[in-house]
Visitor: 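Below is a structure I'd like to ask you about.
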Amino acid sequence: MKLFRALQTQGFGSRKACRLRVRAGTVAVNGVDCTDPDVEVDPGSLELSVDGERWPFREHAYLALHKPAGYECSHQPSHHPGVFALLPAPLVQRGVQCVGRLDQDTTGLLLLSDDGQFIHRMISPKKGVPKVYCARCAEPVAPAMLDVLRAGVRLRDEPAPVAALACTSVDDHTLQLTLAEGKYHQVKRMIAAAGNSVVALHRESIGAYVLPADLAPGSWRWLETEDLERLERTWPFVKS
Ligand code: URA
(Lines give C-alpha, C1' and ligand atoms only; values in the text may rest on other atoms or scores of the structure.)
Protein backbone atom coordinates (compact mmCIF):
# COMPACT_ATOMS: atom_id res chain seq x y z
CA MET A 1 0.00 0.00 0.00
CA LYS A 2 1.26 3.49 -0.77
CA LEU A 3 1.95 5.76 2.20
CA PHE A 4 -0.60 8.42 1.24
CA ARG A 5 -3.26 5.70 0.91
CA ALA A 6 -2.38 4.26 4.32
CA LEU A 7 -2.82 7.70 5.83
CA GLN A 8 -6.12 8.14 4.03
CA THR A 9 -7.53 4.90 5.47
CA GLN A 10 -6.60 6.07 8.98
CA GLY A 11 -8.66 9.26 8.62
CA PHE A 12 -6.05 11.85 7.71
CA GLY A 13 -8.09 13.44 4.95
CA SER A 14 -8.43 13.25 1.22
CA ARG A 15 -5.89 11.68 -1.11
CA LYS A 16 -4.57 15.14 -1.91
CA ALA A 17 -4.43 16.23 1.73
CA CYS A 18 -2.51 13.06 2.66
CA ARG A 19 -0.01 13.57 -0.13
CA LEU A 20 0.53 17.16 1.03
CA ARG A 21 0.99 16.07 4.64
CA VAL A 22 3.75 13.69 3.63
CA ARG A 23 5.45 16.23 1.37
CA ALA A 24 5.31 18.80 4.19
CA GLY A 25 7.51 16.49 6.27
CA THR A 26 4.97 15.83 9.06
CA VAL A 27 4.87 12.04 8.66
CA ALA A 28 7.22 9.31 9.86
CA VAL A 29 7.02 5.61 8.99
CA ASN A 30 8.16 3.23 11.71
CA GLY A 31 10.12 6.05 13.30
CA VAL A 32 11.77 7.33 10.11
CA ASP A 33 10.73 10.65 8.55
CA CYS A 34 9.37 10.20 5.05
CA THR A 35 8.48 12.79 2.44
CA ASP A 36 7.55 10.46 -0.44
CA PRO A 37 3.76 9.89 -0.46
CA ASP A 38 4.11 7.04 -2.96
CA VAL A 39 6.54 4.93 -0.97
CA GLU A 40 5.22 1.38 -0.42
CA VAL A 41 4.45 0.49 3.21
CA ASP A 42 3.38 -2.79 4.81
CA PRO A 43 0.12 -2.25 6.75
CA GLY A 44 0.82 -5.41 8.76
CA SER A 45 3.71 -3.77 10.61
CA LEU A 46 3.12 -0.08 10.14
CA GLU A 47 3.44 2.55 12.78
CA LEU A 48 2.70 5.97 11.44
CA SER A 49 3.58 9.15 13.20
CA VAL A 50 1.73 12.30 12.19
CA ASP A 51 2.72 15.71 13.56
CA GLY A 52 4.78 13.87 16.16
CA GLU A 53 1.87 11.70 17.35
CA ARG A 54 2.03 7.89 17.07
CA TRP A 55 -0.69 6.24 15.01
CA PRO A 56 -0.28 2.46 14.72
CA PHE A 57 -2.02 1.36 11.51
CA ARG A 58 -5.36 -0.32 12.24
CA GLU A 59 -7.46 -1.85 9.52
CA HIS A 60 -10.55 -1.11 11.61
CA ALA A 61 -11.00 1.15 14.59
CA TYR A 62 -12.49 -0.40 17.75
CA LEU A 63 -12.73 1.98 20.69
CA ALA A 64 -14.04 2.14 24.23
CA LEU A 65 -15.16 5.55 25.49
CA HIS A 66 -16.12 6.42 29.05
CA LYS A 67 -19.13 8.51 28.16
CA PRO A 68 -19.74 11.41 30.51
CA ALA A 69 -23.22 12.82 31.12
CA GLY A 70 -24.27 15.67 28.84
CA TYR A 71 -23.16 14.18 25.50
CA GLU A 72 -25.37 12.86 22.71
CA CYS A 73 -24.54 9.73 20.70
CA SER A 74 -25.13 11.52 17.42
CA HIS A 75 -23.20 13.12 14.58
CA GLN A 76 -25.87 15.84 14.56
CA PRO A 77 -26.47 16.51 18.24
CA SER A 78 -29.36 18.83 19.04
CA HIS A 79 -29.09 19.97 22.67
CA HIS A 80 -25.69 18.77 23.90
CA PRO A 81 -22.29 18.19 22.33
CA GLY A 82 -21.83 14.89 20.50
CA VAL A 83 -19.58 12.13 21.83
CA PHE A 84 -17.53 12.50 18.64
CA ALA A 85 -16.21 15.80 20.04
CA LEU A 86 -14.33 13.63 22.57
CA LEU A 87 -12.36 11.81 19.85
CA PRO A 88 -9.37 12.90 17.75
CA ALA A 89 -10.35 14.17 14.30
CA PRO A 90 -8.87 11.21 12.31
CA LEU A 91 -11.13 8.75 14.15
CA VAL A 92 -14.20 10.81 13.31
CA GLN A 93 -12.99 11.27 9.75
CA ARG A 94 -12.59 7.53 9.23
CA GLY A 95 -16.23 7.13 10.16
CA VAL A 96 -16.45 5.53 13.60
CA GLN A 97 -20.04 5.05 14.75
CA CYS A 98 -21.54 4.39 18.16
CA VAL A 99 -22.23 0.72 18.86
CA GLY A 100 -25.78 1.38 20.04
CA ARG A 101 -26.72 4.63 21.73
CA LEU A 102 -26.69 5.85 25.28
CA ASP A 103 -28.98 8.68 26.35
CA GLN A 104 -27.33 12.06 26.86
CA ASP A 105 -27.61 11.70 30.65
CA THR A 106 -26.34 8.08 30.74
CA THR A 107 -22.69 7.55 31.67
CA GLY A 108 -20.32 4.63 31.21
CA LEU A 109 -19.12 2.25 28.56
CA LEU A 110 -19.72 3.21 24.93
CA LEU A 111 -18.08 1.28 22.11
CA LEU A 112 -17.35 2.89 18.76
CA SER A 113 -16.14 1.33 15.53
CA ASP A 114 -15.94 1.74 11.77
CA ASP A 115 -16.55 -2.01 11.30
CA GLY A 116 -20.21 -2.34 10.36
CA GLN A 117 -20.31 -6.10 10.88
CA PHE A 118 -18.84 -5.77 14.36
CA ILE A 119 -21.43 -3.11 15.23
CA HIS A 120 -24.18 -5.40 13.99
CA ARG A 121 -22.91 -8.35 16.02
CA MET A 122 -22.76 -6.25 19.19
CA ILE A 123 -26.26 -4.83 18.93
CA SER A 124 -28.16 -7.68 17.28
CA PRO A 125 -30.74 -9.18 19.67
CA LYS A 126 -30.01 -12.53 17.99
CA LYS A 127 -26.45 -12.46 19.36
CA GLY A 128 -27.71 -11.52 22.83
CA VAL A 129 -24.52 -9.77 23.91
CA PRO A 130 -25.28 -8.85 27.54
CA LYS A 131 -25.10 -5.21 28.59
CA VAL A 132 -24.91 -4.49 32.30
CA TYR A 133 -26.34 -1.24 33.69
CA CYS A 134 -26.34 0.26 37.14
CA ALA A 135 -29.52 2.27 37.69
CA ARG A 136 -30.14 4.59 40.62
CA CYS A 137 -33.87 4.85 41.24
CA ALA A 138 -36.03 7.59 42.72
CA GLU A 139 -37.92 5.19 45.00
CA PRO A 140 -36.51 2.31 47.08
CA VAL A 141 -35.87 -0.90 45.14
CA ALA A 142 -38.23 -3.54 46.50
CA PRO A 143 -37.51 -7.27 45.98
CA ALA A 144 -40.86 -7.55 44.17
CA MET A 145 -39.65 -5.00 41.62
CA LEU A 146 -36.61 -7.14 40.82
CA ASP A 147 -38.94 -10.11 40.27
CA VAL A 148 -41.10 -8.05 37.93
CA LEU A 149 -38.07 -6.99 35.87
CA ARG A 150 -36.84 -10.59 35.64
CA ALA A 151 -40.27 -11.87 34.67
CA GLY A 152 -40.75 -9.19 31.99
CA VAL A 153 -42.69 -5.95 31.64
CA ARG A 154 -44.92 -4.66 28.85
CA LEU A 155 -43.44 -1.73 26.94
CA ARG A 156 -45.37 0.37 24.47
CA ASP A 157 -44.87 -0.83 20.86
CA GLU A 158 -43.31 -4.10 22.00
CA PRO A 159 -45.38 -7.15 21.08
CA ALA A 160 -44.09 -9.31 23.94
CA PRO A 161 -43.01 -8.62 27.54
CA VAL A 162 -39.40 -7.51 27.83
CA ALA A 163 -37.35 -9.18 30.59
CA ALA A 164 -33.97 -8.58 32.16
CA LEU A 165 -31.47 -11.41 31.85
CA ALA A 166 -30.48 -10.67 35.42
CA CYS A 167 -31.49 -8.11 38.02
CA THR A 168 -30.06 -7.64 41.51
CA SER A 169 -30.15 -4.86 44.08
CA VAL A 170 -26.93 -2.97 44.83
CA ASP A 171 -28.31 -0.85 47.66
CA ASP A 172 -31.76 0.33 48.71
CA HIS A 173 -32.11 2.71 45.72
CA THR A 174 -29.80 1.08 43.15
CA LEU A 175 -30.09 -1.99 40.99
CA GLN A 176 -27.92 -3.77 38.48
CA LEU A 177 -29.71 -4.88 35.36
CA THR A 178 -28.46 -7.09 32.52
CA LEU A 179 -30.12 -6.81 29.12
CA ALA A 180 -29.58 -8.78 25.94
CA GLU A 181 -31.05 -6.10 23.67
CA GLY A 182 -30.81 -2.34 23.34
CA LYS A 183 -34.29 -1.03 22.75
CA TYR A 184 -34.97 2.70 22.85
CA HIS A 185 -34.66 3.97 26.49
CA GLN A 186 -34.99 0.34 27.50
CA VAL A 187 -33.74 0.54 31.09
CA LYS A 188 -35.70 3.68 31.91
CA ARG A 189 -38.87 2.31 30.33
CA MET A 190 -38.56 -1.06 32.05
CA ILE A 191 -38.01 0.51 35.45
CA ALA A 192 -40.91 2.91 34.87
CA ALA A 193 -43.08 -0.07 33.92
CA ALA A 194 -42.06 -1.71 37.19
CA GLY A 195 -43.32 1.33 39.12
CA ASN A 196 -40.11 3.26 39.79
CA SER A 197 -38.01 5.79 37.86
CA VAL A 198 -34.33 6.18 37.02
CA VAL A 199 -32.41 9.16 38.38
CA ALA A 200 -28.95 8.06 37.16
CA LEU A 201 -27.89 5.39 34.71
CA HIS A 202 -24.43 3.99 34.06
CA ARG A 203 -23.35 1.18 31.71
CA GLU A 204 -20.72 -1.02 33.35
CA SER A 205 -19.99 -3.66 30.75
CA ILE A 206 -20.74 -5.14 27.34
CA GLY A 207 -20.16 -8.87 26.94
CA ALA A 208 -17.20 -9.73 29.14
CA TYR A 209 -15.59 -6.32 28.58
CA VAL A 210 -15.86 -4.11 31.66
CA LEU A 211 -15.37 -0.35 31.56
CA PRO A 212 -11.74 -0.02 32.72
CA ALA A 213 -11.46 1.55 36.17
CA ASP A 214 -8.61 3.77 34.95
CA LEU A 215 -10.52 5.16 31.97
CA ALA A 216 -11.65 8.59 33.15
CA PRO A 217 -14.99 10.08 32.05
CA GLY A 218 -14.49 11.65 28.62
CA SER A 219 -11.48 9.45 27.79
CA TRP A 220 -11.22 6.71 25.17
CA ARG A 221 -8.87 3.88 24.31
CA TRP A 222 -8.27 1.37 21.54
CA LEU A 223 -9.74 -2.08 22.04
CA GLU A 224 -7.03 -4.71 21.66
CA THR A 225 -7.39 -8.30 20.43
CA GLU A 226 -8.09 -9.70 23.89
CA ASP A 227 -10.77 -7.02 24.48
CA LEU A 228 -12.45 -7.98 21.21
CA GLU A 229 -12.40 -11.63 22.26
CA ARG A 230 -14.19 -10.65 25.48
CA LEU A 231 -16.84 -8.92 23.39
CA GLU A 232 -17.20 -11.60 20.73
CA ARG A 233 -17.95 -14.57 22.98
CA THR A 234 -21.12 -16.51 22.30
CA TRP A 235 -23.76 -15.80 24.88
CA PRO A 236 -26.50 -18.19 25.93
CA PHE A 237 -29.79 -16.57 26.94
CA VAL A 238 -29.38 -17.48 30.59
CA LYS A 239 -31.68 -15.89 33.14
CA SER A 240 -30.80 -15.43 36.80
N1 URA B 1 -31.47 2.29 28.54
C2 URA B 1 -31.86 3.57 28.74
O3 URA B 1 -32.97 3.83 29.17
N4 URA B 1 -30.97 4.53 28.45
C5 URA B 1 -29.72 4.30 28.02
O6 URA B 1 -28.96 5.23 27.81
C7 URA B 1 -29.34 2.96 27.82
C8 URA B 1 -30.24 1.97 28.09
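What's counted below: heavy atoms across the whole structure, side chains too, no hydrogens, waters or symmetry copies. Note that the structure is predicted; figures quoted are calculated from it, not measured. Atoms within a ligand are numbered from 1 in the order they appear, just like the ligands themselves.
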Visitor: For atom 2 (C) of ligand 1, which candidate among Leu201, Leu102, Ile191 holds the nearest heavy atom?
Guide: Leu201

Visitor: What residues, two or more places apart in sequence or in another chain, satisfy side-chain contact (heavy atoms from CB on, under 4.5 Å) together with Gln97?
Guide: His75, Ile119

Visitor: Quick check: does Arg189 get an N/O under 3.5 Å from an N/O on ligand 1?
Guide: no

Visitor: Students should be able to answer this: which protein heavy-atom is nearest to atom 4 (N) of ligand 1, and at what distance?
Guide: Asp103 OD2, 2.7 Å

Visitor: As an exercise, identify every atom of ligand 1 less than 4.0 angstrom from a heavy atom of His185.
Guide: 1 (N), 2 (C), 3 (O)

Visitor: So is Tyr184 close enough to ligand 1, meaning a heavy atom under 4.0 angstrom away?
Guide: no

Visitor: Could you walk me through whether Arg203 and Leu211 satisfy the side chain to side chain contact (heavy atoms under 4.5 Å, CB included) test, starting with their C-alpha distance in whole Å, then the side-chain angles of each, then the deciding distance to 0.1 Å, before giving a yes or no?
Guide: CA-CA 8 Å; Arg203 184 154 65 190; Leu211 179 70; over 6 Å; no

Visitor: Of the backbone atoms (N, CA, C, O) and the side-chain heavy atoms from C-beta on, which set of Val198 has a member under 4.0 Å from an atom of ligand 1: side chain, backbone, both, or neither?
Guide: neither

Visitor: Dump the intermediate steps for side chain to side chain contact (heavy atoms under 4.5 Å, CB included) on Arg58 and Asp114, then the final yes or no.
Guide: CA-CA 11 Å; Arg58 303 202 185 228; Asp114 59 358; over 6 Å; no

Visitor: Is a side-chain N or O of Arg230 found less than 3.5 angstrom from the main chain of Val210, in a donor-acceptor match?
Guide: no

Visitor: Decide yes or no on side chain to side chain contact (heavy atoms under 4.5 Å, CB included) for Val83 and Leu102, but give the supporting numbers first.
Guide: CA-CA 10 Å; Val83 289; Leu102 292 176; over 6 Å; no

Visitor: Is the side chain of Arg121 donor-acceptor paired with the backbone N or O of Glu232 at a distance under 3.5 Å, no angle test?
Guide: no

Visitor: Short list, please: which atoms of ligand 1 are under 4.0 Å from a heavy atom of Thr106?
Guide: 4 (N), 5 (C), 6 (O)

Visitor: Of the protein's non-hydrogen atoms, which lies at the shortest distance from atom 1 (N) of ligand 1, and what is that distance?
Guide: Val187 N, 3.1 Å

Visitor: Under the side chain to side chain contact (heavy atoms under 4.5 Å, CB included) rule, what do Phe118 and Leu231 come out as? Steps first, then yes or no, please.
Guide: CA-CA 10 Å; Phe118 170 78; Leu231 289 162; 4.0 Å; yes

Visitor: List the closest protein heavy-atom neighbour of atom 7 (C) of ligand 1: residue, atom name, distance to the nearest 0.1 Å.
Guide: Tyr133 CE2, 3.6 Å

